[in-house]
K.L.:
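Handing you this structure, nothing more for now.
Treat the numbers as computed from the prediction; the structure is a model and nothing was measured.
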Amino acid sequence: MRSAYRRRALASAATLALLGTGAPTVAAAEDEPGLSRFYHQKIKWSSCAGEAAMDDVPTDDLQCGRVTVPLDYAKPGGGTLDLAMARYRATGGSRGSVLLNFGGPGGAGVSQLAYDGKDFMGLTNGYDVVTFDPRGVGRSSPVSCGEGTDTDADVAGGAAGDDPGAVLEQLRRAAQACVRHSGPVLRHIGTVDASRDLDVMRQALGDKKLNYLGFSYGTRLGAVYAAQFPKKVGRFVLDGVDTLTESLAEQGLAGAAGQQTALDSFLNWCVTDIACPFGQDARIARRRVVDLVASLDRDPVPTGYGDRFSGQDLVGAIGQGLYSRRMWSPLERALAALVEDGDARGIMGFGGGGVAVPILPRQKPVRQSSVPRSPVPRSPSPDSDGGLVDEVEVPIDNLPAALMAVNCADDPDRPTAARITKDFAALRATYEKASPVFGRYRLTEVLTCYGRPRGTDFIRTRVRDVDTPKMLLVGTRGDPATPYRWTTETAERLGPSAVVLDNKGEGHTGYASSKCVHRTVDAFLLYGSLPPDGSSCGADDAG
């Protein structure tokens, strides 16, 4: 098996800045011709034991189901997709459902809820707590770029990184590989389509309005829904708020800088411990991390799984470990094993990429399943009776492949070959200045939309001034993935409906790490109790 970590170095998609035009029309109501059959379906729920048994996850109370949506909303009479869903039933009187999206893009909701369901049990006092695998993700017609393709290439470094022509060729081959391995869903995987899926789910759940809790990328999905279906918005919470205006290239620079700040904070903490593998001086520790990455890029270490672990693999793993302070101690131990013993197994457990966002700190751990995982997913079902794949058939690169596909579909920017060739050296210097550790990794991500169809400009041009009930936006000051300024900028863009909660803590998103945020979000979703705009939660608020 080739490295999932190198593939994840291409997990997120970003491009240079070339604005386009032409947005899809806002979604029509459920009585649009051809859509009524999707809006009249009901979900059949049953035990999830079969789906999650291989993960040793207790699923006695978790129920699973599916909903069918059009492959192409412009042609609802054509192919369909089945989307995997799961829920915990309300423990008392229910006011309907609250739908969760854990982010990514590319995060599978069903397995995440199975692992972290206890974080949401308070919401079952009034709701069925429901989640889903979005189109192209998890068991819902998963996309893939295949094993052993050029998606493994580090186009920002090595020999290729010195030759823009070679970079362009690698990017073209990578794009073609994703098309070959993903099936028709790849052309219909963006957030605009996923938002329309949300509305089909809302109706299938029997809810007149959608109650929603979205994390990270899930906030982008929620904002698009609010623009498409403003009259169907119920109680909405967006935690770890995504940008609606910045190009993916701008997001890449912000991400590199944010992760470098988080790494500096981690190292400041680490050097106070005699066991810190980088010593007891923070300035020296920062240099040693850079040296370690360079050393592993020159001479990767064996993983024990027939593969080798490189410096860019390490960058992705460190990025994952920085999303929550609760992960710092195990990250320190894993790095010590790597530095002192050359043992990469511990740090590999953080794999998932620095951009493949873990919405909750206790994200489903990486495991080496004894059941082979297929590199090639099934094509979407041609009829409404199928479409879901077994969990063991989900491609190992599904998360980064889906993340890349969704981000590219959501962004209209496409640099020309001449632009990439002209700007490549300057871009590399800019990214490395933003972060000597994460810059090269992020630049690799910046280029991955090249060779792919131009994305929509709907999000940049149409998601603004939404006419909805008040919604709660949570921004965390020390968030390494979604800077706090994105929360305030998105709130201003959404208009008077947006109410901001300022979480003065650390880590990505606030719901799982701050008792104050958790309490405030639950109070709004359950009782409609909304704090004043600009309210805050202290960094160490114990509730």
K.L.:
Given side chains that start at C-beta, do those of Met471 and Leu238 come closer than 4.5 Å, heavy atoms only?
P.N.:
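The answer is yes; the side chains approach within 4.5 Å.
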K.L.:
Between Thr490 and Thr487, is there a donor-acceptor pair closer than 3.5 Å when you use the side chain of the first and the backbone of the second?
P.N.:
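No, Thr490 side chain to Thr487 backbone: no donor-acceptor pair under 3.5 Å.
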K.L.:
Taking salt bridge (Lys or Arg N to Asp or Glu O under 4.0 Å) as the test, write out the residues that go with Asp128, two or more places apart.
P.N.:
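Arg87, Arg89.
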K.L.:
Rounded to the nearest 0.5 Å, what separation is found between the SG atom of Cys449 and the CG atom of Asn407?
P.N.:
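Going from the SG atom of Cys449 to the CG atom of Asn407 covers 7.0 Å.
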K.L.:
With sequence neighbours excluded, what pairs up with Ser265 under the side chain to side chain contact (heavy atoms under 4.5 Å, CB included) test?
P.N.:
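Side chain to side chain contact (heavy atoms under 4.5 Å, CB included) list for Ser265, sorted by chain: Trp328.
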K.L.:
Using modelled atom types only, decide if a donor and an acceptor are shared between the side chain of Ser97 and the backbone of Leu99 within a distance under 3.5 Å.
P.N.:
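Here the side-chain-to-backbone pair does not exist.
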K.L.:
Are Val237 and Tyr511 close enough, and set up right, to give a side chain to side chain contact (heavy atoms under 4.5 Å, CB included), and what steps lead you there?
P.N.:
CA-CA 10 Å; Val237 178; Tyr511 189 77; over 6 Å; no
K.L.:
Find out whether Leu403 and Pro105 are in side-chain contact, i.e. whether some heavy atom of one side chain is under 4.5 Å from a heavy atom of the other.
P.N.:
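When only atoms from C-beta onward are counted, Pro105 and Leu403 do touch, with a gap below 4.5 Å.
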K.L.:
Pair Arg460, Ser247 - check side chain to side chain contact (heavy atoms under 4.5 Å, CB included), show working.
P.N.:
CA-CA 9 Å; Arg460 290 192 196 169; Ser247 69; 3.4 Å; yes
K.L.:
Do the non-hydrogen side-chain atoms of Tyr73 and Val200 ever get within less than 4.5 Å of each other?
P.N.:
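They are in side-chain contact.
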K.L.:
Please answer whether the main-chain N or O of Gly478 pairs with a side-chain N or O of Thr476 as donor and acceptor at a distance below 3.5 Å.
P.N.:
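Judged by distance alone, no pair lies under 3.5 Å.
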K.L.:
Give me the one residue out of Leu198, Asp197, Leu100, Val110 that meets side chain to side chain contact (heavy atoms under 4.5 Å, CB included) with Phe132.
P.N.:
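For Phe132, the side chain to side chain contact (heavy atoms under 4.5 Å, CB included) test succeeds with only one of Leu198, Asp197, Leu100, Val110, which is Leu198.
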K.L.:
Applying side-chain hydrogen bond (donor to acceptor under 3.5 Å, both in side chains), run through Tyr217 and Thr191 and close with a yes or a no.
P.N.:
CA-CA 10 Å; Tyr217 161 75; Thr191 300; 2.6 Å; yes
K.L.:
So does Asp199 pair up with Arg202, basic N to acidic O under 4.0 Å?
P.N.:
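Salt bridge flag = yes for Arg202 with Asp199.
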K.L.:
Between Arg452 and Asp411, does any side-chain N to carboxylate O distance fall below 4.0 Å?
P.N.:
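No, Arg452 and Asp411 are not salt-bridged.
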K.L.:
According to side chain to side chain contact (heavy atoms under 4.5 Å, CB included), who are the partners of Leu253, at least two apart in sequence or on a separate chain?
P.N.:
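Testing Leu253 for side chain to side chain contact (heavy atoms under 4.5 Å, CB included), a comparison that skips the adjacent residues, returns Thr430, Tyr431, Ala434.
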K.L.:
Please check this pair: side chain of Asp479 against backbone of Thr482, looking for a donor-acceptor N/O pair closer than 3.5 Å.
P.N.:
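Here the side-chain-to-backbone pair exists.
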K.L.:
Can you find a heavy atom in the side chain of Phe120 that is under 4.5 Å from one in the side chain of Val98?
P.N.:
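No, side chains not in contact.
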K.L.:
Check the orientation of Tyr323 and His508. Use parallel for under 30°, tilted for 30 to 60°, and perpendicular for over 60°.
P.N.:
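Tyr323 and His508: tilted rings.
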K.L.:
Taking only residues two or more places apart in sequence, or in another chain, which ones meet Asp72 in a side chain to side chain donor-acceptor pair (under 3.5 Å)?
P.N.:
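By the side chain to side chain donor-acceptor pair (under 3.5 Å) rule, Asp72 matches no residue at all.
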K.L.:
The criterion is salt bridge (Lys or Arg N to Asp or Glu O under 4.0 Å); which residues satisfy it with Arg333, sequence neighbours excluded?
P.N.:
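Arg333 satisfies salt bridge (Lys or Arg N to Asp or Glu O under 4.0 Å) with no residue once adjacent residues are dropped.
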K.L.:
Which atom pair, heavy atoms only, marks the closest approach of Ser435 to Gln260?
P.N.:
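Residues Ser435 and Gln260, closest heavy atoms: OG-OE1, 2.6 Å.
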K.L.:
Over all heavy atoms of both residues, which pair between Trp486 and Ala254 is shortest? Give the atoms and the distance, please.
P.N.:
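Taking Trp486 first and Ala254 second, the nearest heavy atoms are CZ2-CB, 4.1 Å.
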K.L.:
Between Asn503 and Gly510 (side chain of the first, backbone of the second, donor and acceptor by atom type, cut-off under 3.5 Å), is there such a pair?
P.N.:
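Such a contact is absent between Asn503 side chain and Gly510 backbone.
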K.L.:
Does Asp133 use its side chain to pair, donor to acceptor, with the backbone of Gly109 at less than 3.5 Å?
P.N.:
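Between the backbone of Gly109 and the side chain of Asp133 there is a qualifying donor-acceptor contact (under 3.5 Å).
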K.L.:
State the CG-CE distance between Leu314 and Met348, to the nearest 0.5 angstrom.
P.N.:
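The CE atom of Met348 is 12.0 Å from CG of Leu314, to the nearest 0.5 Å.
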K.L.:
Could you go through the side chain to side chain contact (heavy atoms under 4.5 Å, CB included) check for Phe266 and Glu332 one step at a time?
P.N.:
CA-CA 9 Å; Phe266 166 75; Glu332 179 191 27; 4.3 Å; yes
K.L.:
Kindly give the heavy-atom pair with the smallest separation between Ala402 and Gly106, and that separation in Å.
P.N.:
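Nearest heavy atoms, Ala402 then Gly106: CB-CA, 3.9 Å.
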K.L.:
Using the side chain to side chain contact (heavy atoms under 4.5 Å, CB included) criterion, which residues pair with Val290? Sequence neighbours excluded.
P.N.:
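Residues passing side chain to side chain contact (heavy atoms under 4.5 Å, CB included) with Val290: Pro436, Val437.
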K.L.:
Charged N to carboxylate O below 4.0 Å: is that the case for Asp313 and Arg308?
P.N.:
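No salt bridge links Asp313 with Arg308.
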K.L.:
In chain order, what residues pass the salt bridge (Lys or Arg N to Asp or Glu O under 4.0 Å) check against Glu246, with sequence neighbours excluded?
P.N.:
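With sequence neighbours excluded, Glu246 shows a salt bridge (Lys or Arg N to Asp or Glu O under 4.0 Å) to Arg485, given in chain and number order.
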K.L.:
Which residues pass the side chain to side chain contact (heavy atoms under 4.5 Å, CB included) test with Ala204, not counting sequence neighbours?
P.N.:
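Residues passing side chain to side chain contact (heavy atoms under 4.5 Å, CB included) with Ala204: Gln41, Ile43, Val67.
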K.L.:
At their closest point, which heavy atom of Leu113 faces which heavy atom of Leu62, and how far apart are they?
P.N.:
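Taking every non-hydrogen atom into account, CD2-CD1, 3.9 Å.
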K.L.:
When rounded to the nearest 0.5 angstrom, what distance separates CZ in Arg414 from SG in Cys408?
P.N.:
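The SG atom of Cys408 is 5.0 Å from CZ of Arg414, to the nearest 0.5 Å.
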K.L.:
Sort and list the pairs that fulfil salt bridge (Lys or Arg N to Asp or Glu O under 4.0 Å) and have at least one residue in residues 214-228, not counting sequence neighbours.
P.N.:
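Applying salt bridge (Lys or Arg N to Asp or Glu O under 4.0 Å) to every pair that reaches into residues 214-228, excluding sequence neighbours, yields Arg220-Asp242, Arg220-Asp410.
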K.L.:
Check Val389, Val185, Leu388, Val137 against Pro142 for a side chain to side chain contact (heavy atoms under 4.5 Å, CB included) and give me the one that passes.
P.N.:
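For Pro142, the side chain to side chain contact (heavy atoms under 4.5 Å, CB included) test succeeds with only one of Val389, Val185, Leu388, Val137, which is Val389.
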K.L.:
Starting at CE of Met85, measure out to SG of Cys64 and round the result to the nearest 0.5 Å.
P.N.:
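These two atoms lie 10.5 Å from each other.
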K.L.:
Side-chain contact test, heavy atoms from C-beta onward, threshold under 4.5 Å: evaluate it for Leu123 versus Tyr88 and give yes or no.
P.N.:
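Sidechains of Tyr88 and Leu123: no contact.
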K.L.:
Just by distance, do the side chain of Asn398 and the backbone of Gly136 share a donor-acceptor pair under 3.5 Å?
P.N.:
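Yes; at least one donor-acceptor contact below 3.5 Å.
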K.L.:
Residues two or more places apart in sequence or in another chain: which of them pass side chain to side chain donor-acceptor pair (under 3.5 Å) with Ser140?
P.N.:
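Ser140 satisfies side chain to side chain donor-acceptor pair (under 3.5 Å) with no other residue.
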K.L.:
Can you see which heavy atom on His181 is nearest to which on Ser144, and at what distance?
P.N.:
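His181 and Ser144 have their closest heavy atoms at CB-O, 3.3 Å.
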K.L.:
Taking only residues two or more places apart in sequence, or in another chain, which ones meet Tyr484 in a side chain to side chain donor-acceptor pair (under 3.5 Å)?
P.N.:
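None.
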K.L.:
Okay, side chain of Asp297, backbone of Gly311: is any donor-acceptor separation there less than 3.5 Å?
P.N.:
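Side chain of Asp297 to backbone of Gly311, a donor-acceptor pair under 3.5 Å: yes, one is there.
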K.L.:
To the nearest 0.5 Å, how far apart are OG in Ser216 and CG in Asn101?
P.N.:
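These two atoms lie 9.0 Å from each other.
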K.L.:
Indicate yes or no: at least one non-hydrogen side-chain atom of Val130 is less than 4.5 angstrom from one of Trp45.
P.N.:
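Yes - at least one pair of side-chain heavy atoms lies under 4.5 Å apart.
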K.L.:
With Tyr212, which residues qualify under side chain to side chain donor-acceptor pair (under 3.5 Å), at least two apart?
P.N.:
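Not a single residue meets the side chain to side chain donor-acceptor pair (under 3.5 Å) criterion with Tyr212.
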K.L.:
If you measure from CD1 on Ile318 to CE on Met327, what distance do you get to the nearest 0.5 Å?
P.N.:
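The distance works out to 12.5 Å.
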K.L.:
Can you check side chain to side chain contact (heavy atoms under 4.5 Å, CB included) on Leu322 and Leu331, steps first, answer last?
P.N.:
CA-CA 8 Å; Leu322 294 175; Leu331 178 62; 4.1 Å; yes
K.L.:
Between Ser195 and Leu221, which heavy-atom pair has the shortest distance, and what is it?
P.N.:
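For Ser195 and Leu221, the tightest heavy-atom pair comes out as N-CD1, 3.6 Å.
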K.L.:
Flag the pair Tyr127 / Asn211 as yes when at least one side-chain heavy-atom distance between them is below 4.5 Å, and no otherwise.
P.N.:
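Yes, at least one pair of side-chain atoms sits under 4.5 Å.
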